[in-house]
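Reading through the structure tokens given below for one structure.
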Amino acid sequence: MSATVLVVEDEPAIQELLAYNLRGAGYSVVCVGSAEQAMVRINEMLPDLILLDWMLPGKNGIEFIRLLRQDSRTRSIPVIMLTARVEEDDKISGLGVGADDYVTKPFSPRELVARIKAILRRSLPEASDEILDIEGVKLNPVTHRVTVIDQKNELQEKELLVSPTEFRLLHFLMAHAEHVHTRAQLLDRVWGDHVFIENRTVDVHIRRLRRVLEAAGKANLIQTVRGAGYRFSARSEDIF
Ligand code: CA
């Protein structure tokens, strides 16, 4: 699952340089030239990280971060500020309003990519290639296989057949095990869209995943939390 980076930068040459380097590092990149355009994109689809220029036409970078942090939907999107300003005061005010990191122009693309990676490793565990193994359910992001230990023969692994969407959903839930996610959050993070897809879609795919896991005796790992949403949990005391 490649992470999406939204670049908010009004200088075309820098926009191009960023897009080139980020695509080269394997990210999906969306570029816009102002905070207003960025808002339009974010309403359609949540990016996994925002690279934000400080000086923009219209709303500046600081005002834009403030808006993002006020809205529960966008509050936790990591933001790296890009700026030509070098004064320590500016750096502090950028971090003070909630930027996660700060890069001064001219910047080294390699260093920028390293910083993006470091932030995404924390905020987006489902974008990592790490094999997840919880309660005998093993998910491999590289081979896209989900296997369980065979109940009759513990040395044998059995592959579970899931669709690409169900794989992404299971990957997300397992990477954030024990966390409860609302349907809207799952649509945003797994489908990339909470506007045009109905909440019911989540229920349908959860049901299918449970059916697949049930055949392996593992249906209780995906739990419904009444009034809140769904979670993947190794603790089975919860009734759904
Ligand atoms: Ca600028």
Side-chain angles (χ1 to χ4, degrees), residues 1-128 184-185 187-196:
M1 209 188 306
S2 88
T4 302
V5 178
L6 176 64
V7 173
V8 190
E9 164 65 74
D10 58 315
E11 282 167 66
I14 298 178
Q15 210 184 71
E16 207 172 295
L17 175 74
L18 288 168
Y20 175 81
N21 283 287
L22 295 178
R23 289 196 180 111
Y27 298 112
S28 302
V29 183
V30 177
C31 293
V32 295
S34 70
E36 290 74 11
Q37 289 168 6
M39 269 310 185
V40 172
R41 296 307 296 248
I42 288 171
N43 282 335
E44 292 162 2
M45 193 183 151
L46 274 191
D48 298 306
L49 184 139
I50 299 174
L51 267 186
L52 177 63
D53 186 28
W54 181 305
M55 295 300 286
L56 291 165
K59 244 185 244 332
N60 71 32
I62 294 288
E63 291 166 330
F64 180 51
I65 292 192
R66 270 202 199 104
L67 282 182
L68 292 175
R69 296 307 184 230
Q70 278 164 13
D71 183 342
S72 63
R73 181 171 173 255
T74 53
R75 185 172 296 147
S76 54
I77 304 174
V79 176
I80 298 180
M81 294 235 28
L82 276 178
T83 178
R85 300 181 176 210
V86 288
E87 291 92 349
E88 200 60 17
D89 279 358
D90 291 339
K91 181 169 177 170
I92 289 163
S93 62
L95 296 174
V97 289
D100 296 87
D101 204 350
Y102 195 97
V103 173
T104 308
K105 295 177 192 169
F107 52 86
S108 130
R110 273 180 64 189
E111 188 198 331
L112 180 63
V113 167
R115 291 192 186 207
I116 291 175
K117 268 196 192 132
I119 288 180
L120 287 178
R121 211 175 296 129
R122 295 197 299 269
S123 71
L124 205 62
E126 75 273 20
S128 124
Q185 283 167 342
L187 286 174
D188 262 340
R189 303 289 299 273
V190 177
W191 279 263
D193 182 340
H194 76 298
V195 180
F196 300 107

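Order of appearance sets the numbers: ligands from 1, and atoms from 1 within every ligand. For reference, positions follow the sequence shown, starting with 1.
- Among the heteroatoms counted here (N, O or S) of Asp53, OD2 is the one nearest to the Ca ion (ligand 1).
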>> Using side chain to side chain contact (heavy atoms under 4.5 Å, CB included), reason through Val30 and Thr4 one step at a time and then give a plain yes or no.
In response: CA-CA 7 Å; Val30 177; Thr4 302; 4.2 Å; yes
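- Within the 3.0 Å limit, Asp10 places at least one N, O or S atom next to the Ca ion (ligand 1).
- Inter-residue side-chain proximity for Ile80 and Ile50 is flagged as unmet; no heavy-atom pair is nearer than 4.5 Å.
- When each of Asn21, Leu120, Leu49, Val7 is paired with Tyr27, the side chain to side chain contact (heavy atoms under 4.5 Å, CB included) condition holds for Leu120 and for no other.
- Residue contact annotation: Glu11 places no N/O/S atom under 3.0 Å from the Ca ion (ligand 1).
- With hydrogens and angles ignored, the 3.5 Å screen pairs no side-chain donor or acceptor of Glu9 with any backbone N or O of Cys31.
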